[in-house]
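Read through the structure below, which is laid out as structure tokens, and then see the notes.
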Amino acid sequence: MKNKMPESNGILHTTAPASGPAVEAVYGSSGITGQYGVEDMNRFLSSIMDIGELLLMHGAEVGRVEDTIRRLCGAYGFVRSDVFTITSSIVVTAMFPDGSTLTQTRRIRERDTDLGKVEKVNALSRRICASPIGLEDFRRELSRLNQAKKPPVWLDLVMYMMISASLSIFFGGTWMDGLAASLSGIVLFAMISGSAALKLNGIIQSMVCSAVTAISVLLLVRSGIGAHPDKITIGNIMLVIPGIQLTNSLRDMISGDMISGLLNMSEALLKAIAVAMGFAIVLLVGGA
């Protein structure tokens, strides 16, 4: 007999049979599914969704997210998994050997770029696909990933300063322009960190951070630090251009994920326009 489970924890619905000995009899020939009831398989699917969420949140392309989820579902005995992913949502329907299904969805509200985290999640998923682990071990590995230490704030700040200065000089600025760019890079870093804490919309965040950074550039030039506002600002602009997002959108479209690719490209272009407007309006009004 098949039961319908109530919505909870992102589970849309399930048509799988109730857990217990009967489940083990049905799924006993399907590897790991023979060891667990439906409630446990729900938890496995939720953990698989956690991996997909981590990948999408930290800059992985849609194709990688969907392929990883499909492979993990196969490793845990699901005979078929249908995955639909866009920039803000993941929906997965996984099928048991008897044709009954579990469906879960996950809303993605925050995204950043952390390719180091993506690499660690990839390594974990490959290890699990090669040798599936138990539910508690799965949860423990996910917890370890989520609790991994981030680079110290001072290191991020130093990188902002170094990149701003080097790009300013690379594009034709003087050494003093490079110094000004590194100082305005501090302002940019502070604005990005502060606006992230306020959870501002990404497009508004890009415009506000760019405008405030441009104001700091004008103040530095007028105080005698640096002489070319355009050369200084270009070092800062390169830090906020959504290059990885634009690249991922192209990869998605090339691989056939047109919806995700177009969504990503639209967002990336809007952010780039917001960055340009934030710098341009301040520099034009300020007479630079």
Side-chain angles (χ1 to χ4, degrees), residues 57-59 109-120 146-248 267-288:
M57 283 178 60
H58 295 296
R109 299 187 181 278
E110 298 180 7
R111 286 186 295 151
D112 60 11
T113 300
D114 187 345
L115 298 184
K117 178 68 71 67
V118 171
E119 190 278 330
K120 291 177 182 177
N146 285 320
Q147 294 173 3
K149 290 184 178 180
K150 295 182 178 180
V153 174
W154 67 264
L155 181 58
D156 285 338
L157 177 59
V158 170
M159 294 306 297
Y160 266 71
M161 295 175 66
M162 291 179 59
I163 293 171
S164 295
S166 59
L167 288 173
S168 177
I169 296 172
F170 177 80
F171 286 107
T174 64
W175 287 101
M176 288 301 291
D177 291 335
L179 174 60
S182 67
L183 295 176
S184 58
I186 297 175
V187 176
L188 178 60
F189 176 78
M191 286 300 301
I192 290 176
S193 301
S195 58
L198 295 174
K199 299 186 182 300
L200 292 179
N201 174 277
I203 296 170
I204 296 175
Q205 178 188 34
S206 297
M207 182 177 291
V208 171
C209 292
S210 300
V212 174
T213 304
I215 292 172
S216 71
V217 169
L218 290 179
L219 293 176
L220 286 167
V221 171
R222 290 176 182 177
S223 65
I225 304 176
H228 307 95
D230 57 330
K231 307 299 184 189
I232 298 170
T233 56
I234 197 170
N236 302 134
I237 286 175
M238 298 302 290
L239 288 169
V240 286
I241 292 296
I244 292 178
Q245 188 175 12
L246 184 60
T247 301
N248 282 346
E267 185 177 352
L269 291 176
L270 287 172
K271 285 182 179 179
I273 292 171
V275 169
M277 288 180 62
F279 277 104
I281 290 173
V282 171
L283 294 178
L284 289 173
V285 172

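A quick note: this is a predicted structure, and the numbers were derived from the prediction, not measured.
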When every non-hydrogen atom of I232 is compared with those of A180, the smallest separation belongs to CD1-CB, 3.6 Å
Between L239 and L188, is there a side-chain heavy-atom distance shorter than 4.5 Å?
yes
What is the distance from atom CG of L246 to atom CD1 of I241, rounded to the nearest 0.5 Å?
9.5 Å
So, for F279 and A214, which heavy atoms are closest and what is the spacing to 0.1 Å?
CD2-CB, 3.6 Å
What's the shortest heavy-atom distance between A165 and G178, and which atoms?
CB-O, 3.3 Å
Between T213 and N236, is there a side-chain donor-acceptor contact under 3.5 Å, judged purely by atom types and distance?
no
Report yes if the side chains of M277 and I273 come closer than 4.5 Å at any heavy-atom pair, otherwise no.
yes
Atom OG in S216, atom CE in M191: separation rounded to 0.5 Å?
10.0 Å
Work out which heavy atom in Q245 is nearest to a heavy atom in K271; give both atom names and the distance.
OE1-NZ, 3.6 Å
Rounded to the nearest 0.5 Å, what separates atom CD1 in I169 from atom OG1 in T174?
7.5 Å
Report yes if some heavy atom in the side chain of V217 is under 4.5 Å from a heavy atom in the side chain of P229; otherwise report no.
yes
Quick check: are there more than 12 heavy atoms from other residues, nucleotides or ligands sitting under 6.0 Å from CE of M238?
no
Are a donor atom and an acceptor atom from the side chains of S168 and D177 found within less than 3.5 Å of each other?
no
When you measure from the side chain of S182 to the backbone of L179, do you find a donor-acceptor pair of N or O atoms at a distance under 3.5 Å?
yes
Between I192 and Y160, is any pair of side-chain heavy atoms under 4.5 Å apart?
yes
Taking side-chain hydrogen bond (donor to acceptor under 3.5 Å, both in side chains) as the criterion, tell me which of T113, D112, D114 meets it with H58.
D112
Minimum side-chain heavy-atom gap K150-K117 below 4.5 Å:
no
Heavy-atom check, side chain of S184 versus side chain of L220, under 4.5 Å:
yes
Drop me the distance from I234's CD1 to S164's OG, to the nearest 0.5 angstrom.
11.5 Å
Would you name the heavy atoms of V240 and V275 that are closest together and state the gap between them?
CG2-CG1, 3.6 Å
What I'd like to find out is whether the side chain of V282 reaches to under 4.5 Å of the side chain of L218, using heavy atoms alone.
yes
